[in-house]
Amino acid sequence: MGEYLVAFNDEWVPEHTDEELMAKSLALKPLLAEMREAGVLIFTGGLDPDAPVFSVDAAGGTPMFTDGPYVESKEHLGGFAVLTVDDEEQARYWAGKIAAACGWPQQVSRFQVPRVRQS
C-alpha cells in the first residue's frame, strides 16, 4: 500500500468562467464518490487564494514567521488529492480519471515510505 499526491499547478488550468468551474465541480462529484467507495481517497482540497501565506523557520531555535512566498511562484499548487492505493498502476488509474474529469494535467508523486528503525 502506498500514498500518492495527485496535484495540479494552477498555471496549467486555462481561464474558466464561474459557470464552467461549477460544471467541473459537478463532474468531479461522482468520481470523488467512486473513489471514496473504493477506499482510495484520503483527502482532496485546494488552496484558498484569499488566505494569508506565510513561512516559518526555526533554524535559530525560535520560530520566525515571515509573509510569503506569494502566488507569483511558478510552483503554485492549484488543487490536490491524497490517495492510498496498492501500487503505482492504481495511482496512475485514479490520476487519469481525475485528469479526465478536470480537463487539465495532473502530477503524481508518491509519499516517502516511513523507514523502520532497527534496534
Side-chain angles (χ1 to χ4, degrees):
M1 219 38 148
E3 293 176 344
Y4 289 80
L5 175 68
V6 179
F8 67 90
N9 182 315
D10 208 30
E11 293 179 344
W12 301 342
V13 180
E15 290 294 319
H16 287 82
T17 64
D18 288 343
E19 293 79 18
E20 290 170 327
L21 288 174
M22 181 59 71
K24 295 281 186 189
S25 177
L26 292 174
L28 280 167
K29 284 187 180 204
L31 175 57
L32 294 175
E34 179 184 357
M35 294 169 73
R36 283 186 193 95
E37 187 174 316
V40 301
L41 182 63
I42 295 175
F43 179 79
T44 186
L47 302 179
D48 182 345
D50 298 322
V53 176
F54 56 88
S55 300
V56 60
D57 183 356
T62 301
M64 180 70 82
F65 293 87
T66 56
D67 291 341
Y70 296 99
V71 176
E72 295 84 43
S73 165
K74 293 200 182 276
E75 299 300 321
H76 178 64
L77 180 66
F80 61 90
V82 179
L83 311 179
T84 182
V85 294
D86 290 333
D87 53 32
E88 183 180 317
E89 184 179 338
Q90 286 187 2
R92 288 173 178 266
Y93 170 80
W94 290 107
K97 291 188 81 145
I98 292 170
C102 288
W104 51 76
Q106 302 291 313
Q107 177 178 320
V108 182
S109 302
R110 182 181 171 145
F111 285 98
Q112 289 182 342
V113 176
R115 294 183 184 190
V116 178
R117 296 180 87 188
Q118 300 290 329
S119 354

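Values below: all heavy atoms of this structure, side chains included; hydrogens, waters and symmetry mates excluded.
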Counting C-beta onward and ignoring hydrogens, is there a side-chain heavy-atom pair between [X] and [Y] closer than 4.5 Å?
{"X": "Leu83", "Y": "Val6", "answer": "yes"}
{"X": "Phe111", "Y": "Val82", "answer": "yes"}
{"X": "Asp86", "Y": "Met1", "answer": "yes"}
{"X": "Tyr4", "Y": "Val85", "answer": "yes"}

Indicate the atoms forming the closest heavy-atom contact of Ala95 with Val108, along with that distance. CB-CG2, 3.3 Å
What one should report as the nearest heavy-atom pair of Pro63 and Val56 is CB-CG2, 3.8 Å
Walk me through it: do Trp94 and Gln106 pass the test side-chain contact (heavy atoms from CB on, under 4.5 Å)? CA-CA 11 Å; Trp94 290 107; Gln106 302 291 313; over 6 Å; no
Can you tell whether the side chains of Glu88 and Arg92 come within less than 4.0 Å, N to carboxylate O? yes
Starting at OG1 of Thr17, measure out to CE of Met22 and round the result to the nearest 0.5 Å. 10.5 Å
Side-chain polar contacts of residues 26-35 - donor-acceptor pairs under 3.5 angstrom, sequence neighbours left out - could you list them?
residue	atom	partner	partner atom	Å
Glu34	OE1	Lys97	NZ	3.2
Glu34	OE2	Lys97	NZ	3.0

Could you tell me how the ring of Phe43 sits relative to the ring of Phe80: parallel (under 30°), tilted (30 to 60°) or perpendicular (over 60°)? tilted
Leu41 and Ile98: same hydrophobic cluster, using ILVMFWY side-chain contacts below 4.5 Å? yes
